[in-house]
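Working notes, structure below.
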There are 2 protein chains.
Amino acid sequence: MANIKDIAAKAGVSIATVSRALRQPALVKDKTAKRIEEAIRELDYTPNLVAASLRRQKADAVIIAVPSIHNPFTSAFVQGVENVARENGTKVLLALTEGDTQILDRHYDMIAGKQADGMILLDLAVPSALLARKEGAPPPPVVLACEYGEGFDQPRVRVNDVDAAADVAAHIAALGHKKVACIAGPAAQRMSRDRQRGFRLGLRRAGLELPENLIAAGDYSLESGAAGAFALLDRGEKFSALLCENDEMALGAIHALCARGLRVPEDVSVIGIDNFRFSAFSNPSLTTVSLPTTQIGEQAMRLMLDFAIDADGACREVILPHQLIERDSTRPYRG
Amino acid sequence: MANIKDIAAKAGVSIATVSRALRQPALVKDKTAKRIEEAIRELDYTPNLVAASLRRQKADAVIIAVPSIHNPFTSAFVQGVENVARENGTKVLLALTEGDTQILDRHYDMIAGKQADGMILLDLAVPSALLARKEGAPPPPVVLACEYGEGFDQPRVRVNDVDAAADVAAHIAALGHKKVACIAGPAAQRMSRDRQRGFRLGLRRAGLELPENLIAAGDYSLESGAAGAFALLDRGEKFSALLCENDEMALGAIHALCARGLRVPEDVSVIGIDNFRFSAFSNPSLTTVSLPTTQIGEQAMRLMLDFAIDADGACREVILPHQLIERDSTRPYRG
DNA sequence: TTGTAGGCGTTATCAA
DNA sequence: TTGATAACGCCTACAA
C-alpha cells in the first residue's frame, strides 16, 4: 500500500505538503495540488485513517449500545443516529449487548482505547465505569436515550413515557371501556415503570382502576405479549380493553386473542405504544401512540456532537413529542 | 490519559515489559507482572487500541454493509455476524448504505484506511473498487451474503433461492390451488430472479402456470406487499393463492386482502419466504419457508475469518438449508 | 527474563 | 507557499 511518503516522492514535494493538500487544500498552490492529485491517483493511495486517528487523538466514530437489534424500535433509532452521523463524517459502531454489562464494558473501553469518541446508550445497563465515576470528574462522552437509571448527569433524549401511556389510557376510557387489562414490561426498567404509572394515571382521571389481577407480565417481545394474553384468559379474567406497553406485545396479544376465538376489536380493544413499522399493517391495524423513534436517534447523535464540543455547556435533556394514532384495533365499548 | 510509558515508570520496568505483560503474559515473571498490574490499576490505564492497530496493521473490526436495517431479516443476519465476531474479539461496524454506491464506497475505503479488516456484504450494490479489480490482483477481504452479482470470486454464503421458492410453489400446488398469483421483488436483484424462477419451476412441475397478469411488482416492503395485493384486486384478477417473495410483503398482502373483505386462508391462501420473527404471530400466522438467517450471518463471519488467514485456500461458497413451515395462512383449495 | 530502539503513517509546529 | 521534524502510543526484533 502506498503511503504519504510515496506520494510526496512521486509528486516531488514534502509529506507535509501532501497532508495539507488533503486536509487544507486552500493552503496549497493549485499547480502543486494538481501534481499531488495525480500521484494519488496513479499510486492508488488511500490515507491510513488509523495513523491519522492516532495523531489527531480522534476516531470519528461513536458506539451505539443496544440490548438487541431484533426490534423495529431499535432499527429506527439506529437509522436516526446514522442519518446525523453520516452528515458529520462520523462512523457508527453497533454494539449488541444483550443486556450483558461485560459486553457493554468491553465496548466502553473502546472510548478509552481511542477507537471511538463516545457512546450512545439505548440500553438498560450502564457501563460500570460510568457508575464508578468520581464526583467532580469530567462527564464522559455518553448520551442516554430513553432508557436510563436516575442520578446521571449525562445528556439524554427521551419521550415522556408517563404522558404517552396516560394518553393511551385516556383514549380507552373515552371509548367507554370499564374493565381494562394490561400487559406490562419488566418492572426493573424505568421505562416500564413510567408507562405503568401513565396507564394508572390516565385511568384514574376517568375514575377507573387497574387491579393487579388484570396485569400480565411481559418483556416487550411478541412472545411475551401472546403469553400475557393467554395468561389473562386462562385465569378467566374479563376485560374489554387491553393496554400493552409496546406494539410488539400488542401484536402478540392480538394473535393470542384471535387464537382463542375472540375478535379484535369487537370483543376486545387492543392498544400499544411505539407505532412501529408493522403496526399499520397488522390485522386489525393497531391503534397506538406514535413515538418519534428515528428523531430520537437523530437527536441523540446531535447531543453527542454538541457534547464533544462543549461537555459543560451541552444541553442535558431533550424530550420529544408523541401522538396518538387511531386505527382499527380499538372501538367504543358496547355492553 | 496514562500510557504505557507511565505504567513502565511506575512499575520500574521498561515499556517492552509492560507490553509483553499485556499481550504475552507467559514471557513475564510473575512478580513483575504483579507490579505492572498494580500500576495499571492505580493509574487507570487502558491501552490505546489505535496505536496498537497502527503498529500491528490490523483493526480487529469488520464492516457489515446492509441496504437498510428496517428489516427483521437484516437484524437476524447482523446478530449472526455479531455472535461469531464477538467470540473472536472482532468489532462490527454497521454500514447502512440505502443502496447508495457512494456510501458503500466510503465504507469500503475504511479497509484501505486500515480501520477495518474486511467487509461483509448483504447489499445489492457492490463497491466500485471490487468491480474495478484487475485480473490477477489478490482478492480483497470481502464476503458476499445472499445478494450478489455474478462473476466475483469472493467467498459467499447463501441459500438456494430457486429451491426455496420451488418448495413454496409445490406446497400450494399440492393443496390443489390452480389460479395462483404472486407478488414479486425487484427484477434487478438476483435473489428476486431466483425466487421467480423457483415459483415457476415449482408450479410447472405441477402443470400450473404463472401468467404475467397475475404478477404484481413489489420491493420486499410491507407497503409494497399491500399495494401489490390491492393492484391485483383492482385489476379484477381472480386467484385462490398468493405467493410472496418474502414474508414482509406477505404480511402486507394479508392486510390488504382483509381490508377488502377477503378472508385468509378461506378465500385466499398466502405464503411467504423468510420465516422472520413476525410470521408466527401474524393473523393468521404465516405459512412460509424458513431461512437460517442468523446462521447465514454466522457463516459469513466465519468465512471472513478464514479468508483473512488464507485468501486462496478459503472456501468459496456455502449453501445453507431451508425448510417449509406450515401455519394458518394456507389451506387446501375448496371450489 | 528484561531492555533498547526503530518504525507503523499521519498531523502540526515552526522556520524558511 | 513549502519543508523539516517531532510527536501520537504501541509492538517486536534484537541484544543483553
Side-chain angles (χ1 to χ4, degrees), chain A residues 1-40 43-61 89 91 109-117, chain B residues 1-40 43-61 89 91 109-117:
Chain A
M1 272 301 296
N3 62 22
I4 203 171
K5 251 184 184 160
D6 302 327
I7 303 302
K10 179 126 193 156
V13 296
S14 73
I15 60 169
T17 305
V18 177
S19 179
R20 267 192 296 263
L22 257 27
R23 302 194 71 87
Q24 314 167 61
L27 299 186
V28 174
K29 203 170 29 169
D30 263 15
K31 227 168 126 186
T32 320
K34 280 262 188 303
R35 279 216 314 286
I36 293 174
E37 214 173 292
E38 197 175 336
I40 288 178
L43 297 184
D44 197 20
Y45 165 73
T46 318
N48 183 319
L49 302 173
V50 174
S53 179
L54 172 61
R55 173 62 227 225
R56 300 198 305 139
Q57 300 287 61
K58 195 160 177 319
D60 290 326
K91 271 139 268 160
D109 282 344
M110 294 176 61
I111 299 176
K114 302 294 181 190
Q115 288 191 308
D117 301 321
Chain B
M1 271 301 298
N3 61 23
I4 203 172
K5 250 185 187 158
D6 302 328
I7 303 302
K10 180 124 193 156
V13 295
S14 73
I15 61 170
T17 305
V18 176
S19 180
R20 268 192 295 262
L22 257 28
R23 301 193 72 86
Q24 312 165 60
L27 300 186
V28 173
K29 201 167 37 166
D30 263 16
K31 226 169 131 186
T32 321
K34 281 262 188 306
R35 280 219 312 285
I36 293 175
E37 214 174 290
E38 196 175 337
I40 288 177
L43 298 183
D44 198 19
Y45 164 73
T46 318
N48 183 320
L49 302 174
V50 173
S53 178
L54 172 61
R55 172 63 226 235
R56 301 196 307 139
Q57 300 286 61
K58 192 154 178 325
D60 290 326
K91 273 140 260 160
D109 283 343
M110 293 176 60
I111 298 176
K114 303 294 181 189
Q115 288 191 307
D117 301 321

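In what follows, chains carry the letters A, B, and so on, assigned in the order in which the sequence lines appear, proteins first and then strands, with residues in each chain numbered from 1.
Comparing atom distances between the B/Ile4 side chain and each of D/dC11, C/dT4, C/dT11 picks out D/dC11 as nearest. For A/Lys29, the listed nucleotide lying nearest its side chain is D/dT1; candidates were C/dT4, D/dT1, D/dC11. Nearest nucleotide to the A/Val13 side chain, out of C/dG9, D/dG3, C/dA12: D/dG3. Ranking C/dT10, D/dC10, C/dT4 by closeness to the B/Ala16 side chain, first place goes to C/dT4.
Between A/Gln115 atom CD and D/dC10 atom P the separation is 12 Å, expressed in whole Å. Here C/dG9 presents its P atom at 15 Å from CZ of B/Arg56, a figure rounded to the nearest Å. Between B/Asn48 atom CG and C/dG9 atom C1' there is a gap of 14 Å when expressed in whole angstrom units. Remark: P of C/dT1 and CD1 of B/Ile15 are 20 Å apart, rounded to the nearest angstrom. If you take NZ of B/Lys58 and P of C/dG7, they are 24 Å apart, rounded to a whole angstrom. Rounding to whole angstrom units, CZ of residue B/Arg20 and P of C/dG3 are separated by 8 Å. The nearest whole Å value for the distance from the NZ atom in A/Lys114 to the P atom in D/dC8 is 12 Å. As a whole-Å value, the separation of B/Arg23 CZ from D/dC10 P is 11 Å.
For D/dT2, the OP1/OP2 oxygens have no side-chain nitrogen or oxygen of A/Ser14 closer than 4.0 Å. For the OP1/OP2 pair of C/dG3 and a distance below 4.0 Å, the side-chain nitrogens and oxygens of B/Thr17 include at least one atom meeting the criterion. Note on A/Thr32: a side-chain N or O is less than 4.0 Å away from OP1 or OP2 of D/dT2.
Toward the 5' end of DNA chain C, the nearer of the two residues B/Gln57 and B/Val28, judged by each one's closest nucleotide, is B/Val28.
Counting only distance, with no hydrogens or angles, the side chain of B/Arg20 and the backbone of B/Leu27 share no donor-acceptor pair below 3.5 Å. Proximity of a side-chain donor or acceptor of A/Thr46 to a complementary backbone N or O of B/Gly113 within less than 3.5 Å is not detected. In terms of modelled atom types and a separation under 3.5 Å, the side chain of B/Asp117 and the main chain of B/Asp60 share a donor-acceptor contact. Although no hydrogens or angles enter the test, the distance criterion places no donor-acceptor pair under 3.5 Å between the side chain of B/Asp6 and the main chain of B/Ala9.
For A/Arg55 against C/dA12, a side-chain-to-base donor-acceptor contact under 3.5 Å is absent.
Here the closest non-hydrogen pair linking B/Tyr45 and B/Ile7 is CB-CD1, 3.5 Å.
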